[in-house]
Protein chains: 2
Amino acid sequence: MLNQNNMLNQLKVVCSLCSLRELCLPIGFGPEELQQLDTLAGSKRLVKRGEYLFRTGSDFTSIYAIRGGFFKTSVLHDDGREHVTGFHMMGDIMGLDAISNEYHVCDAVALETSEICEIPFEKLSELSMIMPVLHQNLHRIMSREIAFDHEIMLMLGKMRAEERLAAFLLNLSQRFSARGYSAASFQLRMTREEIGSYLGLKLETVSRIFSKFQEEGLIAVQKKLIELKDANALKRLLGGLA
Amino acid sequence: MLNQNNMLNQLKVVCSLCSLRELCLPIGFGPEELQQLDTLAGSKRLVKRGEYLFRTGSDFTSIYAIRGGFFKTSVLHDDGREHVTGFHMMGDIMGLDAISNEYHVCDAVALETSEICEIPFEKLSELSMIMPVLHQNLHRIMSREIAFDHEIMLMLGKMRAEERLAAFLLNLSQRFSARGYSAASFQLRMTREEIGSYLGLKLETVSRIFSKFQEEGLIAVQKKLIELKDANALKRLLGGLA
DNA sequence: GACACATTATGACTTAGATCAAATCGTTTC
DNA sequence: GAAACGATTTGATCTAAGTCATAATGTGTC
């Protein structure tokens, strides 16, 4: 069977190379340790703006951790309509929805040149058998994705357009903030059309509501640069909704 | 550490008592074997119509497999609005979205008197450490839920009301069929309002579209009894959409 | 079985967001 | 740097679905 030390070594490599904070940090590596390990060579790779990381129907062999950059995942339909299922940034993991099928069920496209780490799923599974915490964390990550998707379902099913945009901006803000970037000011990596597709709105509606928020002093918009001027007002807009 | 035989025994008990087809069958138990084991006593339990299996905020200790009956899961908001996140029947597993939080993030209510099996998550985790296939299957189930949620997001974000109802009816039909019940005729366990909440529509809209489908000969509706008269037409209604 | 309450159906009207259209602004290409 | 294309903004209309109202029907309770 597996040699535990050998496996542990691989684990370190896999983890370190991916900045898989969610998978790795709870195991006991400190940020510095991780940084050191980070300098090792490995299966990280650049994906240029507009390039596909994977496509619907392609074989599922790996999940992907984003080291840096920005992705969208989407499903494309016969009639040409695209639905954006998510936006993903540093530390996020993509491809988990493919495990059950053995092929990918969405496209993943880089919205800016990005650095990703490919984690062969089979290897991860092996490792997680001897590293209970890794195993737990994988569950936790998948579970979190399910819970988050339920929030999006709520948004799509129950919120008005303004509420969706407010929730979207606050979510982005919170995620940038959690990664050490400014919570109040950030660059949108996606077009108005992609935002609309994600939120179940048309691009014109997105544009109009950005303008409206700006008029009301809630945000400042300069093309792709968004500044949250009154995050509390945005939160109030959400009212009782999560 | 763990005694493997002891664990294996527990596995058999857990599996058998739950009819956890998805978790257990691939391991190599045949249906008959499962049936036999099924007769053992264990942590199965009845949940009466209207009773909660778990509530938002309650401690997460177990996931639940449905042996028989029908549930809805929903999130309730400060302002009293409810959003139904799913309908669940025999063989489905509920509570997976709670793993990451250690408390439940939705309510689960029985829509008819149902029999469920409680699976302590800790025990399942232990077992899955020594039963790789169990472990894999858990991943697969969670992954499938993520992929399915993405389909719902597409539905809520991109489909018109009629398309949503058609997709809803076809999905129910397919699931009943997969469990050995009629694909063409089934009893709705939920109200029009709950259907509407799930699909992001108002109950009046649901009612109107049922009437319209009936006029057009696509379905026959008698209160809660639905008969699909022309499933192909319903599929055509979905057009290019999944 | 009668009362109270929940669910469903249907009509009349309103509205949020879609659609269509046009102008502006930005960015990439050669 | 001019041409060509894509993204964004804004306006004018349209429409699918929501809201409000009422009646009918169904269901549970004592």
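Below, all heavy atoms of this structure are taken into account, side chains as well, without hydrogens, waters or symmetry copies. Here is how names work: the chains are called A, B, and so on, in the same order as the sequence lines, proteins then strands, and each is numbered from 1.
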Output the rounded distance in Å from [atom1] ([X]) to [atom2] ([N]).
X      : N      : atom1 : atom2 : result
B:E193 : C:dA9  : CD    : P     : 13 Å
A:M159 : C:dG17 : CE    : C1'   : 17 Å
A:R192 : C:dT19 : CZ    : P     : 19 Å
A:E162 : C:dA16 : CD    : P     : 10 Å
B:L156 : D:dA17 : CG    : C1'   : 15 Å
A:L203 : D:dT10 : CG    : C1'   : 12 Å
A:R189 : D:dA7  : CZ    : P     : 18 Å
B:K202 : C:dA16 : NZ    : C1'   : 13 Å

Quick check for you: to the nearest 0.5 Å, what is the distance between [X] atom [atom1] and [Y] atom [atom2]?
X      : Y      : atom1 : atom2 : value
B:L111 : B:L188 : CG    : CG    : 11.0 Å
A:I141 : A:I93  : CD1   : CD1   : 3.5 Å
B:L201 : B:L156 : CG    : CG    : 8.5 Å

Heavy atom of residues 204-221 of chain A under 4.0 Å from DNA chain D: which residues? A:E204, A:S207, A:R208, A:S211
Does A:G200 reach a base, just sugar-phosphate, or nothing at all? Heavy atoms under 4.0 Å. sugar-phosphate
Check whether any side-chain nitrogen or oxygen of B:K223 sits under 4.0 Å from OP1 or OP2 of D:dT27, and answer yes or no. yes
Examine C:dT8: is either OP1 or OP2 under 4.0 Å from a nitrogen or oxygen in the side chain of B:K224? Give yes or no. yes
On DNA chain D, nearest-nucleotide positions of B:R49 versus B:L201: which is more 5'? B:L201
Does the separation of the ring centres of B:F87 and B:F71 fall below 6.0 angstrom? no
Given side chains that start at C-beta, do those of A:N171 and A:R175 come closer than 4.5 Å, heavy atoms only? yes
Ring geometry between A:Y181 and A:F176 (parallel below 30°, tilted from 30 to 60°, perpendicular above 60°): perpendicular
Is the B:F60 ring parallel, tilted or perpendicular to the B:H104 ring (thresholds 30°, 60°)? perpendicular
Which one, D:dT9, C:dT8, D:dA17, comes nearest to the side chain of B:T191? C:dT8
